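Accompanying notes for the structure given below.
Sequence positions, counted from 1, serve as the residue numbers for this chain. Fair warning: this is a prediction, and the values are worked out from it, not measured in the lab.
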Amino acid sequence: MITEYMLGDGEDAIKVAIVRSKRKSLGLEVNIYGEVKARVPNRISDRTICVFLEENEGWIRRKTAIVQEGSPDQTQIILRPKELPLKMRREFREKLCGKVERYAQSMGVTYGRITLRFQKSRWGSCSSEGNLSFNYAMALIPEELVDYVVVHELAHRKHMNHSAAFWAEVERHLSGYKDFRQKLRRYRIDVS
């Protein structure tokens with residue numbers, strides 16, 4: 001049983017990791033780092049996988065090129081935070097807590113508890129008591145977008161809404177926030 005497959009050769013070769021599971025269909029994904037995975041049923045033959053990959057080589061090359069160039073398009077990038085090793089989760093939590101502390105000081109706000117969860121659609125939230133909740137998927141997005149989510153949630157400590165005053169507060173601490181909001185829309189979170 002193959003665990004990886006090389007599409008093409010030389011400098012243009014693309015490595016595809018083969019991930020077998022109880023699923024019934026074949027699927028492809030390209031993550032934010034340009035890594036390619038083929039998710040396939042447990043009992044499918046190596047030959048069928050190879051044919052499938054060859055037939056979809058054009059799609060794979062287009063998607064990896066988009067990720068590498070960082071070109072803005074409508075492509076959704078799928079994040080699977082549950083696949084993060086425990087060590088990486090702990091490291092991210094520590095880094096995130098430091099970031100929250102620094103931004104809170106510069107914004108002149110306080111906060112309560114910080115929790116991290118696996119959530120399907122929310123990047124973060126702020127309760128009326130000042131407790132902050134963030135998504136583990138943030139460990140898989142660019143640093144600038146993590147900053148945006150942190151500033152967004154801390155801005156709710158001054159404005160518990162999305163009023164003009166709220167967005168002015170976000171902009172005061174992160175001038176490119178509109179671009180960051182747009183970039184966040186490219187990501188889809190899979191917590192299955």
Could you tell me which non-hydrogen atom of [X] sits nearest to which non-hydrogen atom of [Y], and how far apart they are?
X	Y	answer
V170	A155	CG2-CB, 3.7 Å
S25	P41	O-CD, 3.6 Å
I114	C97	CD1-SG, 4.0 Å

With the side chain counted from C-beta on, respond yes when [X] and [Y] share a heavy-atom pair under 4.5 Å apart, and no when they do not.
X	Y	value
V149	F180	no
K99	V146	yes
L116	N135	no
E35	K15	no
E169	M107	yes
K87	F92	no
D12	R61	yes
W123	L184	yes

Determine, for W167 and R172, whether the Lys NZ or Arg CZ falls below 6.0 Å from the six-membered ring centre while staying within 45 degrees of the axis.
no

Kindly indicate whether a cation-pi arrangement holds for R181 with Y148, taking the cut-offs as under 6.0 Å to the six-membered ring centre and within 45° of the axis.
no

Please assess Y187 against I78 for the test side chain to side chain contact (heavy atoms under 4.5 Å, CB included), listing each intermediate value before the final yes or no.
CA-CA 6 Å; Y187 298 95; I78 300 168; over 6 Å; no

Is [X] reaching over with its side chain to a backbone N or O of [Y], donor-acceptor style, under 3.5 angstrom?
X	Y	value
T64	I60	yes
R20	I44	yes
D46	I2	yes
K63	V30	no
R102	G98	yes
N56	F52	yes

Which value, rounded to the nearest 0.5 Å, describes the distance between [X] atom [atom1] and [Y] atom [atom2]?
X	Y	atom1	atom2	answer
R80	S192	CZ	OG	6.5 Å
I18	C50	CD1	SG	7.0 Å
R186	L79	CZ	CG	11.0 Å
M160	R157	CE	CZ	8.0 Å
R23	R39	CZ	CZ	7.5 Å
I189	I77	CD1	CD1	12.5 Å

CA sep, side-chain torsions, deciding dist, call: L53, E57, side chain to side chain contact (heavy atoms under 4.5 Å, CB included):
CA-CA 6 Å; L53 293 174; E57 182 175 358; over 6 Å; no

Apply side chain to side chain donor-acceptor pair (under 3.5 Å) to D147 and Y103, showing your working.
CA-CA 9 Å; D147 287 356; Y103 274 113; 3.3 Å; yes

Find out if a path of hydrophobic residues (ILVMFWY) with successive side-chain heavy-atom gaps under 4.5 Å connects W59 to V36.
yes

Do L96 and M88 share a hydrophobic cluster, counting only Ile, Leu, Val, Met, Phe, Trp and Tyr and linking them when any side-chain heavy atoms are less than 4.5 Å apart?
yes

Got a sec: does the [atom1] of [X] have more than 12 other heavy atoms crowding it under 6.0 Å?
X	atom1	answer
E94	CD	no
K158	NZ	yes
D9	CG	no

Stepwise, does the salt bridge (charged side-chain N to carboxylate O under 4.0 Å, His left out) test hold for E143 with K95?
CA-CA 11 Å; E143 193 83 18; K95 185 169 108 177; 3.0 Å; yes

Working for side chain to side chain contact (heavy atoms under 4.5 Å, CB included), residues L7 and E54:
CA-CA 7 Å; L7 270 176; E54 295 292 339; 3.9 Å; yes

Whether the Y111 and E101 side chains hold a donor-acceptor pair (N or O, under 3.5 Å, no angle test) is what I'd like checked.
yes

Distance only, no hydrogens: is a donor on one side chain within 3.5 Å (strictly under) of an acceptor on the other, for R122 and Q119?
no

Apply salt bridge (charged side-chain N to carboxylate O under 4.0 Å, His left out) to the pair K183 and E144, showing each step before the final yes or no.
CA-CA 10 Å; K183 286 179 179 175; E144 62 190 11; 3.1 Å; yes

Could you check whether the rings of F166 and H156 sit parallel, tilted or perpendicular, using 30° and 60° as the cut-offs?
parallel

For Y177 and H152, I'd like to know if the aromatic rings sit close, meaning centre-to-centre distance below 6.0 Å.
no

Stepwise side chain to side chain contact (heavy atoms under 4.5 Å, CB included) check, L132 with L154
CA-CA 8 Å; L132 303 172; L154 287 172; 3.8 Å; yes

